[in-house]
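A short worksheet on the structure shown next.
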Amino acid sequence: MAKINFGGVEEEVVTRDEFPIEKAHEVLKDEIIAVIGYGVQGPAQAQNMRDNGFKVIIGQSSRYKREWDKAVADGWVPGETLFEIEEAAKKATIIQYLISDAGQKAVWPMLKGCLNEGDALYFSHGFSIVFKEQTGVIPPDNIDVILVAPKGSGASVRTNFLNGSGINSSFGVFQDFTGRARERTLAVGIAIGSGYLFPTTFEHEVLSDLTGERGILMGALAGVMEAQYDVLRENGHSPSEAFNETVEELTQSLIRLVGENGMDWMYANCSTTAQRGALDWKPRFKEATLPVFRTLYDSVKSGKETAIVLDVNSRPDYQEKLDEELKEIRESEMWRAGAAVRSLRPENWKK
């Protein structure tokens, strides 16, 4: 592995140069990979591996018509490359367990019976293994248990693969029965289109992931945006002005500069007024939110967040309630303003 200095701390990463696609093909030449679940990560990882020339099949319950039909539309053929979950799992030597966390708990008793000695059970999230007391997912001793966790949504995994950039992924080995678990992990990580891979553990992956999703990546970002938008509106600013100053400038300009060159570069390339204000207020926002993030991390580590997920996501009316919550966001003034702003972007102008 290559050694890279991350902010003064040296870490090891695996790049495509060190583990090229040809090596992945050699490692996986006798493997059949079954992607179980065609929901969020499944489609992207499966299509990327298929495009890279690996032997891939899909395991998806036909009872879930939306996912089954999507798989068919993406070129998977029922009875040839698309099967019910149990049949696909029995055919495979590497089983990618990519259904929802709550779904993994429900399906596990059946899936466990499909595992043969020497198979690899693959996850993209440490949830089920780390919180096994709540999920009941306890693998047998005679298989490899491995993880590759792309640092992005399934849509990003696919988009980055198609544009050639790849997406960064963490990787880990929980159980090495065959002595080949690590090279199988890296091979699949390259096969799904990772830009580079960095080591983790199942526990570190799930704790950082659950914290990040609830925090800066989604929950905190949405909450802070709503707070600023509300303050601007309370003080007489129009919806379009409030949305542009809260969301549009961030997503269409500033965050891109941060992604390309870092926060300091973005600051250096903004007005002196913006620089001064950002530098003065950054410590106050950190001070205000640090206790919230510490409470969040403790909630994740204790298993409280896991219990909430398994409870709520397993309810029969979960999708209906989710649709209601998302509708409330979508129909709020802020995001209706956002839809109008997006429609005015040059690429959406009528020609």
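Because the structure is predicted, anything quoted here is derived from the model rather than measured.
- For the pair Lys91 and Phe83, the distance from NZ or CZ to the six-membered ring centre is under 6.0 Å and the angle to the ring normal is within 45 degrees.
- Shown here is Lys55, whose NZ atom has more than 12 heavy atoms of other residues, nucleotides or ligands within 6.0 Å.
- Side-chain contact between Phe177 and Ile143 is absent, with no heavy-atom pair separated by less than 4.5 Å.
- Taking the six-membered ring for Trp, His125 and Phe123 have ring centres at least 6.0 Å apart.
- No donor-acceptor distance shorter than 3.5 angstrom exists from the side chain of Asp144 to the backbone of Ala120, with no hydrogens or angles considered.
- Heavy-atom minimum distance, Ala46 versus Ile58: CB-CD1, 3.6 Å.
- Remark: Lys321 fails to qualify as a cation-pi partner of Tyr318 under the 6.0 Å distance and 45° angle criteria applied to the six-membered ring.
- Residues Asp101 and Asn313 have side chains not in contact (no heavy-atom distance under 4.5 Å, counting atoms from C-beta outward).
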Pair Thr200-Leu147, side-chain contact (heavy atoms from CB on, under 4.5 Å): steps then yes or no: CA-CA 9 Å; Thr200 189; Leu147 174 142; 4.1 Å; yes

Contacts table for residues 261-273: side-chain donor-acceptor under 3.5 angstrom, sequence neighbours left out:
from, atom 1, to, atom 2, distance (Å)
Asn269, ND2, Trp265, O, 2.8
Ser271, OG, Ala274, N, 3.0

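- At a cut-off of 3.5 Å, with distance as the only test, a side-chain donor of Gln228 or Thr246 sits close to an acceptor on the other residue.
- Partners of Arg256 by side-chain hydrogen bond (donor to acceptor under 3.5 Å, both in side chains), not counting sequence neighbours, listed by chain and number: Gln252.
- Between Asn52 and Ile21 there is a side-chain heavy-atom pair separated by less than 4.5 Å.
- In terms of heavy-atom proximity, Ser124 sits nearest to Val148 at OG-O, 2.8 Å.
- Side chains of Ser153 and Ser156: a donor on one and an acceptor on the other come within 3.5 Å.
- Side-chain polar atoms of Gln134 and Thr306 form no donor-acceptor pair below 3.5 angstrom.
- Among Glu305, Lys304, Arg214, the one residue that satisfies the side-chain hydrogen bond (donor to acceptor under 3.5 Å, both in side chains) test with Ser299 is Glu305.
- Heavy atoms of other residues, nucleotides or ligands lying less than 6.0 angstrom from NZ of Lys112 number more than 12.
- Exactly one residue among Lys70, Gln60, Arg50 makes a side chain to side chain contact (heavy atoms under 4.5 Å, CB included) with Trp76. That residue is Arg50.
- When every heavy atom of Pro283 is checked against every heavy atom of Leu279, the shortest pair comes out as CD-O, 3.2 Å.
- A heavy-atom distance below 4.5 Å is found between the side chains of Arg184 and Glu31.
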Stepwise salt bridge (Lys or Arg N to Asp or Glu O under 4.0 Å) check, Glu248 with Arg342: CA-CA 8 Å; Glu248 192 75 353; Arg342 289 193 298 276; over 6 Å; no

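- Phe243 has its side chain out of reach of Arg233: every pair of non-hydrogen atoms, C-beta onward, lies at least 4.5 Å apart.
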Throw together a table of side-chain donor-acceptor distances under 3.5 angstrom for residues 9-18, partners on residues two or more places apart or in other chains.
from, atom 1, to, atom 2, distance (Å)
Thr15, OG1, Asp17, N, 3.4
Thr15, OG1, Glu18, N, 3.3
Thr15, OG1, Glu18, OE1, 3.2
Arg16, NE, Ser194, O, 3.1
Arg16, NH1, Gly164, O, 3.4
Arg16, NH2, Ser165, O, 3.4
Glu18, OE1, Ala2, N, 3.4
Glu18, OE1, Thr15, N, 3.0
Glu18, OE2, Ala2, N, 2.7

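- A donor-acceptor pair is defined here as one N or O able to donate and one able to accept, closer than 3.5 Å; no such pair exists between the side chain of His25 and the backbone of Ala187.
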Verdict with reasoning, Lys29 to Glu26, per salt bridge (Lys or Arg N to Asp or Glu O under 4.0 Å): CA-CA 5 Å; Lys29 64 182 179 181; Glu26 179 62 27; 3.0 Å; yes

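- Residues Ser170 and Glu205 bring no donor and acceptor atom of their side chains to less than 3.5 Å of each other.
- With hydrogens and angles left out, the side-chain atoms of Ser62 and Glu84 include a donor and acceptor closer than 3.5 Å.
- Residues Val27 and Arg180 share a closest heavy-atom pair of O-NH2, 3.2 Å.
- For the atom pair CZ of Phe131 and CG of Leu210, the computed distance is 6.5 Å after rounding to the nearest 0.5 Å.
- A heavy-atom distance below 4.5 Å is found between the side chains of Val137 and Ile129.
- The structure places NZ of Lys105 at 5.0 Å from CG of Leu310, a figure rounded to the nearest 0.5 Å.
- Under 3.5 Å, the side chains of Trp108 and Tyr97 contain no donor-acceptor pair of N or O atoms.
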Asp323/Lys327 under side-chain contact (heavy atoms from CB on, under 4.5 Å): CA gap, chis, key distance, verdict: CA-CA 6 Å; Asp323 290 343; Lys327 181 181 178 182; over 6 Å; no

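- A donor and an acceptor atom, one from each side chain of Gln47 and Asp51, are nowhere located under 3.5 Å apart.
- Here the side chain of Gln175 pairs a donor or acceptor atom with the backbone of Pro140 at under 3.5 angstrom.
- Between the side chains of Tyr229 and Glu234, no donor-acceptor pair of N or O atoms lies under 3.5 Å.
- Remark: Arg63 fails to qualify as a cation-pi partner of Trp68 under the 6.0 Å distance and 45° angle criteria applied to the six-membered ring.
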